[in-house]
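Heavy atoms only: backbone and side chains are in, while hydrogens, waters and symmetry mates are out. What you see is a predicted model, and the numbers here were worked out from it, not measured in a lab.
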Amino acid sequence: MSRKLAALLAAPMLLAVACGGSDEEGGGSSGGDSTELDQVTVGVIPILDVAPIYLGDEQGFFEEQGIDLTLEAAQGGAAVVPGVMSGQFQFGFSNITSLLLAAQEGLPLQIVANGVASTGDPETDFSGVMVQADSPIQSAADLQGQTISVNNLKNIGEVTIRKAIEDAGGDPTDVEFVELPFPDMPAALEAGDVDAAWVVEPFVTVIKGQGGRSVLANFAEPIPDLTVATYFTTEQVLQEDPELVDNFQAAMQESLAYANDNPDEVRRIILTYTQVPEAAAAEIALPSFPEEINWDSVTTVAELMQEFGITEEQADVDALDATD
């Protein structure tokens with residue numbers, strides 16, 4: 001990818017966070033007689049990971065389940081959780097670490113559907129710890145003692161990187177994490193403000209376009225078949241309207257399967273709700289969209305969160321599971 005394309009991506013990408021997935025912007029109602037449909041708003045983050053729900057809305061999977069869907073963009077998973085808790089959203093999308101932390105803090109959340117997962121292949125995964133071409137860092141072991149940017153502290157990037165360092169025989173506590181928005185990381189890495197940057201697509205492609213390279217596929221390597229993020233609701237919604245939850249789950253199952261079977265459609269749909277240029281969409285690595293959550297990987301994350309001091313006690317993973 002050219003440096004020009006990298007520049008196009010780095011500056012505007014995810015400014016779409018400020019834009020909602022409204023009816024006019026590709027994330028709204030599927031049509032039909034709305035008086036006969038349940039009005040449902042889902043809090044999402046306008047990134048590659050949520051492509052299946054946008055595709056499912058477009059394909060009519062939610063309308064078939066009696067749902068008039070509105071997708072509303074939030075700044076990040078930390079903003080989606082309070083939106084679901086307040087009733088602003090009936091469902092939300094967030095990474096598994098944020099949900100485990102919220103549950104450990106006593107919030108009555110329930111995971112109802114898968115969202116996105118690692119491919120399990122370090123060569124093709126959509127997440128990576130990136131360094132400059134001339135960096136002495138060559139592997140996870142070399143990350144000990146380094147300064148690494150993550151988009152949120154005490155979150156899934158930090159947990160997986162610490163685990164990789166530990167697996168490599170290093171000290172997982174001897175790392176300095178600094179919080180930066182993903183769009184700011186390519187410039188920070190190039191300027192030498194950080195030694196390494198953890199990013200997801202399209203920023204993996206951006207940094208490679210600047211001449212950078214990946215030293216760790218932190219979603220693919222430390223935890224096999226990692227479930228990265230899921231859709232969730234509250235115990236109240238689950239108890240008061242279990243049929244709605246069942247219908248949402250059924251539509252999500254179709255959406256995930258469709259996204260997994262149609263990668264070209266994933267690349268097309270992200271152009272409608274993000275500012276990824278078309279040329280970049282053709283290059284970026286796609287995640288996996290399995291229909292089933294890998295609960296073993298979620299349990300491993302919960303164990304690591306306790307080990308690394310993010311939670312005092314291990315979160316009760318079984319209590320979060322409302323997928324049956």
How about E278 and L271: do any of their side-chain heavy atoms sit closer than 4.5 Å? yes
Is any side-chain heavy atom of I148 closer than 4.5 Å to a side-chain heavy atom of L143? yes
Kindly write out the residues that satisfy side chain to side chain donor-acceptor pair (under 3.5 Å) with Q90, not counting sequence neighbours, or none if the list is empty. none
No-hydrogen, no-angle side-chain donor-acceptor test under 3.5 Å, T323 and D321: yes
Please step through side-chain hydrogen bond (donor to acceptor under 3.5 Å, both in side chains) for the pair E201 and T205, ending with a clear verdict. CA-CA 7 Å; E201 287 288 18; T205 300; 2.8 Å; yes
Looking at I111, I96, D318, which hits side-chain contact (heavy atoms from CB on, under 4.5 Å) with V298? I96
For E291, is there any backbone N or O sitting under 3.5 Å from a side-chain donor or acceptor partner on Q253? yes
Beyond-backbone contact of M130 with V204, side-chain heavy atoms, under 4.5 angstrom: yes
Tell me, yes or no, whether the heavy-atom count around D225 atom CG, taken from other residues, nucleotides or ligands under 6.0 Å, exceeds 12. no
Classify the side-chain pair D171/Q144 by whether it contains a donor and acceptor separated by less than 3.5 Å. no
Is any side-chain heavy atom of F61 closer than 4.5 Å to a side-chain heavy atom of D57? no
A quick test of your reading: do over 12 heavy atoms of other residues, nucleotides or ligands sit less than 6.0 Å from CD of E235? yes
Distance-only polar pair, side chains of Q88 and E72, donor-acceptor under 3.5 Å: yes
Donor-acceptor pair, side chain of Q132 and main chain of L189, under 3.5 angstrom: yes
Report yes if the distance between the aromatic ring centroids of W198 and F182 is under 6.0 Å, otherwise no. yes
Would you check if the side chain of D195 reaches a backbone N or O of Q146 as a donor-acceptor pair within less than 3.5 Å? no
Tell me every residue that passes side chain to side chain contact (heavy atoms under 4.5 Å, CB included) with E265, counting only those two or more places apart in sequence or in another chain. L55, E58, Q59, Y258, N262, R268
How are the rings of F91 and F248 set relative to one another: parallel (under 30°), tilted (30 to 60°) or perpendicular (over 60°)? parallel
For the pair S98 (side chain) and S94 (backbone), establish whether a donor and an acceptor sit closer than 3.5 Å, ignoring hydrogens and angles. no
Hey, are the side chains of R213 and V215 touching, using non-hydrogen atoms and a 4.5 Å cut-off? yes
Nearest heavy-atom neighbours spanning A188 and L180: CB-CD1, 3.7 Å
So, N95 side chain and T97 main chain: donor-acceptor pair closer than 3.5 Å or not? yes
Result for side-chain contact (heavy atoms from CB on, under 4.5 Å) between F219 and one of I156, T227, T119 points to I156
Does the Q65 side chain pair with the main chain of A251, one donor and one acceptor, at a distance under 3.5 Å? no
Check: A322 main-chain N/O paired with Q249 side-chain donor or acceptor under 3.5 Å: yes
Where the side chain of D121 meets the backbone of E123, is there a donor-acceptor pair that is under 3.5 Å apart? yes
If every non-hydrogen atom of T230 is compared with every non-hydrogen atom of L99, which pair is closest and at what distance? OG1-CD1, 3.1 Å
Are L100 and T311 close enough that some pair of their side-chain heavy atoms sits under 4.5 Å apart? no
Atom of P287, atom of A117 and distance for their closest heavy-atom approach: CB-O, 3.6 Å
Less than 4.5 Å apart, side chain to side chain, heavy atoms only: is that true for L107 and V81? yes
Can you find a pair of side-chain heavy atoms, one from S139 and one from D142, that are under 4.5 Å apart? yes
Would you say the side-chain atoms of T300 pair up with the backbone N or O of D296, donor to acceptor, closer than 3.5 Å? yes
Using 4.0 Å as the upper bound for N to carboxylate O, is an ion pair formed by E166 and R162? no
To check you understand the geometry: which heavy-atom pair defines the closest contact between A113 and M252, and what is its length? CB-CB, 3.9 Å
